[in-house]
Structure formats: C-alpha cells, structure tokens
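Naming convention: chains lettered A, B, ... in sequence-line order (proteins, then strands); numbering from 1 in each chain.
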There are 4 protein chains.
Amino acid sequence: MHDESAETAERRAVGAPPQRIGRPRSTTADDAILAAARALLAEGGWAGLTMGDVATRAGVAKTTLYRRWHSKHDLAIAAVAEMLGTLRLPDRGPDLRADIEDVVRRFAALLGRPEMRTALMGLVADSTSDPALRRRIREEVVDPQKRLVVEGRARAEARGEITAPGDIDVDLIFDVIAGTVVQHVLVSAEPASDNWIQRFTTFVATALLPHPGQPAHPPA
Amino acid sequence: MHDESAETAERRAVGAPPQRIGRPRSTTADDAILAAARALLAEGGWAGLTMGDVATRAGVAKTTLYRRWHSKHDLAIAAVAEMLGTLRLPDRGPDLRADIEDVVRRFAALLGRPEMRTALMGLVADSTSDPALRRRIREEVVDPQKRLVVEGRARAEARGEITAPGDIDVDLIFDVIAGTVVQHVLVSAEPASDNWIQRFTTFVATALLPHPGQPAHPPA
Amino acid sequence: MHDESAETAERRAVGAPPQRIGRPRSTTADDAILAAARALLAEGGWAGLTMGDVATRAGVAKTTLYRRWHSKHDLAIAAVAEMLGTLRLPDRGPDLRADIEDVVRRFAALLGRPEMRTALMGLVADSTSDPALRRRIREEVVDPQKRLVVEGRARAEARGEITAPGDIDVDLIFDVIAGTVVQHVLVSAEPASDNWIQRFTTFVATALLPHPGQPAHPPA
Amino acid sequence: MHDESAETAERRAVGAPPQRIGRPRSTTADDAILAAARALLAEGGWAGLTMGDVATRAGVAKTTLYRRWHSKHDLAIAAVAEMLGTLRLPDRGPDLRADIEDVVRRFAALLGRPEMRTALMGLVADSTSDPALRRRIREEVVDPQKRLVVEGRARAEARGEITAPGDIDVDLIFDVIAGTVVQHVLVSAEPASDNWIQRFTTFVATALLPHPGQPAHPPA
DNA sequence: GGGTAAGCGAGACGGTACGTCATGTCTTAAC
DNA sequence: GTTAAGACATGACGTACCGTCTCGCTTACCC
C-alpha cells in the first residue's frame, strides 16, 4: 500500500541497507497519519476522512501525506489492512464448529468498530466502478484473510473431522462468512448477538458437516 | 421515498382526487430523472451521480429535482428500490433447491448491472455512519426483498420439503444469500458462473435440508 | 474587465432590459469584493492579494469571485481601473505648465496609495511574460488615461500656447510623465515633493515650449 | 548581494588564501546558478523562476543555492545586476544628443531581453510592499546606473555644451530616461524603434539645451 | 375569466474538499 | 564544512459538487 513498498521489500530481501540518499522519511509520521485517519473515520464516516483533516490531526503537512499515499483510497486501504491483519484464529478450538464460531465472532467485533466498517464499505463502494481499486482491495485486504479459512481447514483435517480437504471450498466458505456477517451487521444493521452467532455457526457447520455423529464420508 | 408519498397514498386511499392547488407537478419529470440517475450511475459510478448532472441530463432544473427528492441519497434509494422491485421468484421451481438457485441467479444478475451495484454500495457505505439513512435503506430497499425468502419457505412447506416453518430462519437465510452474493460479485470480483451458483446453492440447501432422502424431521 | 461587460454594454445600447434568466447576481458583492481586494493589496502587497482572502473578507464564496473575475489579474485590473478612472484634469489651469504640474501631482498622489502601486506593479510585472495580459492592461488601464494628455493639449491650443497640435506627441508625453513618476516614486523610492514636482514640470514644459516669452513658432 | 562577498573581498585584499576549513565551495556553481536563473526567467517569466528549478537546471542542490543567496529576491538581484553592469557609454559621442540617444538605445535593448525585464519588474513589484527589498534594489541595481548620467554630464561640460554642472539634475534625468523607456517598452508595449528613440532624444535634449545655437547661459 | 398558488428553468450563492505546487528549512550520508 | 538528495510545514491555487436561494414565467384550479 506504500509508495515504495515493493522497492523496500526487494532491498531488504537482498540484505542491502534500507538507506537511501536524502533526508529519511519521518518514522513517526506514518503511525500518526494512520491513527488520525482511523479517528476521523470513526468520527465522521467515509466523508469525514478528508486528506486535509488527516494531515492537520496528524500534525503533518498534506504533502507528507501524499508522498506516502497517493489518494484517500490508498490511505484507507493501509488503515483497513492494518486492522484486519490483527485477526487471528486462536488455538483453543476443540472442533471445527468452535473455530467457525470464533472467527465469526471476531470478524463481527471488528466490523463493530466504526472506523473499520466505514473504511471497508467506502472502499468497496468506490471499487464498484474502479476495477483497479477493486483488484487492490482484493489483493491487499480481502485475500489475505482467507488464511483463516485455510488454517481452519487444516485443523479440521488434523482432527479427523474431514478426510478430504477438497470438501472445504475455501473461496466459497470465505465469501459466505464474510458476506453474511457484513450483510447482517452493516446492512440489516442488527448487532451480532450471541444468539445470532450460534444460529449462523450452526448453519455453516451443517453445510460443511451434514451428518454429525456419522463419518463425513461413510465407508459404504 | 418521495417527498409526499405518504400524503399522496393517503389521499388516493380515501378516493380523494390527488389534486392540489397550484400548477401540478410534471408527470414525466420523475421518470426522466430516475432514468438520468441510473445512466449516470452506470457511467460514472457513485461519484458520477451528481445532482447537477442528473438535472441537466433529465432536462430539468435542480429545483425540480430537489422538490421531489431531498438529497442525493433519497434519489439513489428511489432508483435502487425501483430496480430491486422487479425481482421475482418464478413458479416453475420443482423443489427448494431450484428456488434457491433461481433467486441467487437473479440477484447476481441484478448486481451485474453497474447502476445497481454502484448505487447499492454507495448507499450502504454512506449509511455506515448515518443511522437514519441505514434505517431507510433497510426499510425501503432491503427488507422488502425478504418476501422472496418467505415465499420460498411457503412453497417448500407446501411441497412437504419442510414440516415446521421454524426450520427456516428467514432473516438468516436472507443475510446469507444476499451477503454471499454481494461478497462474491463485488468484493471477490468474480463472475457468478453457473458452477459457482451450483456450489453455493448446494451449500445453502445442505444447511437447510441436511439429510436428503430422509425426512427432514424423522418421525421417530 | 467583467465577465460579460461587452454583452452588457451591447444590451444597454439597444435599450433592451438588462434582465437575464436565473437569479440575478448580487449587486453588493462586486463592491464588497473590490473593496476587499484593495484593502488586502494595501495591507499585504501583491502577494497578500489571495483569492481566498478576498472572498473571506468580502463575505463571499470563492465561486462568486471566480464567476465575476477569472483570475487574480482580472480582479486587480478592475480595482486599478476603478481607481485610475478618478483622475481628472481640473479646469483651473491658467497655462500648460499648471496643467502639467497638476496631473503630475495627482498621479504621484495616486501612486502613493499602497493598493494602487502594488496592484499596478504586480500587473506590469506579470505582463512582461504574458502578452495577452499586457494588452489588456494597456487597453483597460493605461490607454484610457491618455485622455488627460489629449485634453491638456486641447486647452493649450485654445489658449494659443501652441499653434499646431502636432507639436504635442501624445503617446510620448504620456510615457514621459507616467514613466518618470513611477520611476521616481516606486523605484527611486523618493517622495514626490513639491520641489521635485516643480523641477520635473519645468523639465517637461521646457521640452514642450522651449522658448518661453517667444512665440512657440516664431513668425520668421 | 552575495552571502559572504564582503568577507571574501577582504580576505583577497590582504592576500590571505581564500581557503577556509572544510570542503571549499564549488567555484563553478555560481555561474551555473545565475545562468540557470536567467534561462528560467526568459522561458517562464517571474513565476517561472523557482528555486527548485534553478537548482535542478544548474545541477546543484537547493542547499547550495540557499547558501549563496538567501532568497529568490537575492538571486534575482544578482542576475539583474550582472546584466545591468554591462551597460556602457561609448566614447564616440560627438555631442550630448548622441550620448543621450546612445544610452536610450542600449537601455531599451536590455529591456528587450525577457530575462531582464521579467526579473526587473518582478523585483520592483515585490518591492512596493517591502521597503528593505526596495532599498537593496535601489542600491545594488538602480543607483549604480546613474554613473551613465554623471559621465554624460562630464562629457557635455568638457565639450562646452553646458557651463554649470548644476544645470543637469542627475537624479531627475535618470528617472526620466529610465522611467520613460520602461513605460514605453514594457507598459505601452511598443518596440523602441529608431523613430521613437529620435523623438524621445529630441525631447530630452530640448529640455536640457532649450536654445541650441545660443549659449545655454547667456553672458548677460 | 381573473386571482391565487404552486411548479418550473435558470443560474447565483456560501461552503467545503480536492490534489498540486513553491518557499525556505531541515536532516541524512558522502566527500 | 560543503555537497546532493530529498523530506518537511505552510499556504495559495482554481475546480467541482452540494443543497439553498432568488428570479421571471407557466399552468392549473377556484371563485
């Protein structure tokens, strides 16, 4: 999401010092900017995220902002990606159902944060008529989260709940979970209550393991 | 969604002439405005929908536009609701699976239209920080579509596929179907291929009827 | 200097009412804007004349400013022309020398006003690399003042001080008077004292009437 | 006009080596910078003279530029002074009229160069609201040129054209010549044709020597 | 059929954000 | 201590859109 992230990664990969000529960029500015962006998103929604206000609140000049992120979209992607990167699948899941429930609960909690939901929906909205933006969102925001489904599948296989990994269609499961939670929390605008989480988890688990108590793939 | 729709409906309901004093509103303006709005949404996305351009393209003054809809949001809601109102569940479904498949296919097709997806996502995005807007969207755009799920449930019951209507959680099913299709088409940005529709339909049908070939509720 | 001055003049010439469709422009805004521009020029010089500050000080939106004047240059030309338009040649001149002295004194006084000198020099400076601007300045600001020289020549002829109007080269006299006063007041930066005015007037009068006490054109 | 020119001159005067501790300043940078400044002035006018572009075109860092000249104004003064320093009064003048004509022609030619006129007018414009800048311009740019008038007066006296040097008011003559040429060339925007130069020269010569063929100061 | 009230087109209006550019200062590592 | 490179705070630029307003004109009904 950064201007020169690719270049930076390359230099690090070959072990070269990340030093460039000229005055180095302020190391504190990035964090201050992202924090300001999140605060403004939480306070004023997508329309409240203005580059001028972000700069002012971060104690930074607009030029400094634009030097790092070329647009409001770039900035929002960075903020969203950072927040989504904190999603984890905890180890304590005894079975697949618990893992599903846990990821639903955590994702719903994340969408409960106003800065998260306004940024995410603002980006998705703008991406509907901007294929390049849509690709970037998918690559930098959405796809990385599929790791949660992949990991959940691996655990289920290790536990013997499923025998063939092909039984779990990662992309479909991801779209069902992410889409349904977004729809419920943001569109239907109802809180993700414990009861709802249980009902949805049952729905997903039933679809994945239709015959509880029987082997997923009967020997006959 | 209209300025005085409630009043108009009431007057019509009691048989009173809808006539008011003064020059009556142009009868052709509404359609021209909505058509212009849809065209602009299709061409320029949510940002391309500007009130000035809508007025110009509809051959109407901005005054006329604002007299009918109070804001860009109102106008977009009207345009979206009109499009969504065309969704139907055809009679020819032999079983629940076919009905599910059909509604998924039709909804995905609707989201394939750029004016639909940009308006819908633009509204949802703005609604994340505007509770009043969110309520209006839910009441005028989202909830009316739940009729499709209600009708599908009634058919399944009539066919004997389900015995207790309580087995079908209308709100949850609706969120799963709508949310997943939106996520797949708009976020994951992949076409709603026949193959994908089959896979998703199987997923939903499995969750609803986990034991095909057996009674949903075994007599014992 | 105005957006549609030509059009306005034309309409007035044919006696048509100056009414146009749409909301008419605020009649007070023009004066408020020009007053604000002059105040800012006086306080902050040419660099202090910013469109944003003019709008704020005039209690007007920037759009209103740009609707009337397309640029800072247009605005400055309007302000300068208005001030220069007040220059007059009083009737009380008994002879050519008195008329010269008077116009020098008045022009020097005008250049003593900071809003006048900053606007004038700012325009001239920018016009050195902008032929279109230079032409506009000449036509709307400079050339109209040559009327003073023309009128002075007519008076001198009426008094018999000169016999052939060709003796007075209007353009040259104008450049000498205007240029010398500007150079003295703005570049040499010395006040236009009475003593200096007398010396300069003598210089010009001597050049124009080299043989005082003798007929300008000796009979022989 | 240079940062440390006085210091440098002093050191050279006493024969001390101009060496100071640390890396010595590049000896070629000054010329490269001034050349770049003149080129940018000629191409883009006063607004085209940006410190960043000067540095880039001179192949020099902005640091280097600001170490030598404190501001854009300083740099422009240096460029202008260097160009004006080339003005000379040739020896071949047979009489005062020829000397006047010659200086007018040379000054007009100098103002015909775009880098000269844009820089000069830019500086004068900014100086109208900056007394310190005005003083520097007068001292470093304007006043040194008065030597031409002084020299012309000395020659006229040597030739016997005038008897009392007091007859020639140096400051006034200078303002008349410089001001009129600037007004004609830059404001009235007409070329300094031979014909115009002749007319202006006659004007000035008449004012200075009103009775050709007679002694300027009759013995009686 | 004249009065009255609202609709209508046109466009001015105040406000706000945009993304770019220039100034003059500062901070690095290299020379 | 100079140099190249470039980051930095500040602030103006001219454009675009929003939603409101103010005109003169038009179109209906209602007395």
Side-chain angles (χ1 to χ4, degrees), chain A residues 17 19-27 29 47-56 59-68 70-72, chain B residues 17 19-27 29 47-56 58-73, chain C residues 17 19-27 29 47-56 58-68 70-72, chain D residues 19-26 29 47-56 59-73:
Chain A
Q19 190 57 49
R20 296 187 306 173
I21 57 179
R23 174 174 172 174
R25 292 196 177 161
S26 162
T27 51
L49 181 70
T50 74
M51 299 303 260
D53 287 354
V54 169
T56 302
V60 138
K62 267 205 296 181
T63 42
T64 299
L65 217 61
Y66 281 104
R67 200 173 290 117
R68 289 165 161 75
H70 293 324
S71 68
K72 180 171 167 168
Chain B
Q19 194 55 52
R20 294 184 300 178
I21 59 177
R23 173 174 174 175
R25 289 192 179 167
S26 161
T27 52
L49 179 70
T50 74
M51 298 303 260
D53 286 355
V54 169
T56 301
V60 140
K62 273 206 297 175
T63 329
T64 300
L65 206 159
Y66 276 103
R67 199 173 289 116
R68 289 163 160 78
W69 294 279
H70 290 325
S71 68
K72 178 171 169 171
H73 288 149
Chain C
Q19 189 58 46
R20 294 187 306 171
I21 57 179
R23 174 174 174 174
R25 291 196 178 162
S26 162
T27 51
L49 180 70
T50 73
M51 299 302 260
D53 286 354
V54 169
T56 301
V60 138
K62 264 204 298 180
T63 42
T64 299
L65 216 62
Y66 280 104
R67 200 174 290 118
R68 288 165 162 77
H70 293 324
S71 67
K72 180 170 169 169
Chain D
Q19 192 57 48
R20 294 186 297 179
I21 60 176
R23 173 171 171 175
R25 287 193 179 169
S26 161
L49 179 69
T50 73
M51 298 302 260
D53 287 355
V54 169
T56 301
V60 141
K62 273 206 295 177
T63 328
T64 301
L65 205 160
Y66 276 103
R67 196 172 292 114
R68 289 164 159 79
W69 294 279
H70 290 324
S71 68
K72 176 171 169 170
H73 289 149

(request) Rounded to the nearest angstrom, tell me the gap between atom CG in D53(B) and atom C1' in dC18(F). (result) 12 Å
(message) Working to the nearest 0.5 angstrom, can you tell me the gap between L65(C) CG and H70(C) NE2?
(response) 12.0 Å
(message) Looking only at the side chain of R68(D) (C-beta and beyond, no hydrogens), which of the listed nucleotides dT28(E), dG19(F), dT3(F) gets closest?
(response) dT3(F)
(message) Nearest to the R67(B) side chain among dC8(E), dC8(F), dA12(E), which nucleotide is it?
(response) dC8(E)
(message) So, under a plain 3.5 Å distance rule, would you say the side chain of R23(B) forms a donor-acceptor pair with the base of dC8(E)?
(response) no
(request) Supply the atom-to-atom distance R67(C) CZ to S26(C) OG, rounded to the nearest 0.5 angstrom. (result) 10.5 Å
(request) Measure the distance from NZ on K72(C) to P on dG14(F) and round it to the nearest whole Å. (result) 8 Å
(message) To the nearest 0.5 Å, what is the distance between OG on S71(C) and OH on Y66(C)?
(response) 8.0 Å
(message) Quick check: on DNA chain E, is the nucleotide nearest S26(C) upstream (toward 5') of the one nearest H73(D), or the reverse? Name the residue that is more 5'.
(response) S26(C)
(request) Determine: side-chain N/O of S71(B) to OP1/OP2 of dC18(F), distance under 4.0 Å, yes or no. (result) no
(message) From C-beta outward on V60(A), which listed nucleotide comes closest to its side chain: dA12(E), dA9(F), dC18(E)?
(response) dA9(F)
(message) On the side chain of K62(C), is there an atom forming a donor-acceptor pair with the base of dG14(F) - under 3.5 Å, no angle test?
(response) yes
(request) Could you pick out which residue, T63(B) or M51(C), lies toward the 5' side of DNA chain F when each is mapped onto its nearest nucleotide? (result) M51(C)
(request) Please figure out whether L49(B) or A29(A) has its closest DNA chain F nucleotide nearer the 5' end. (result) A29(A)
(request) Can you tell me the distance, in whole Å, between the OH atom of Y66(A) and the P atom of dA9(F)? (result) 15 Å
(message) Distance check needed: dC8(E) P versus R25(B) CZ, whole Å only.
(response) 7 Å
(request) State the OG1-NZ distance between T50(B) and K72(B), to the nearest 0.5 angstrom. (result) 7.0 Å
(request) Please state whether the phosphate of dC21(E), meaning OP1 or OP2, lies under 4.0 angstrom from any side-chain nitrogen or oxygen of T50(D). (result) no
(request) Identify, between G52(A) and G59(B), the residue whose nearest nucleotide on DNA chain E lies closer to the 5' end. (result) G59(B)
(message) Measure CG/L65(A) against C1'/dA9(F) and give the value in whole Å, please.
(response) 13 Å
(request) Write down the atom of K62(B), the atom of M51(B), and the distance for their closest heavy-atom approach. (result) CG-O, 4.3 Å
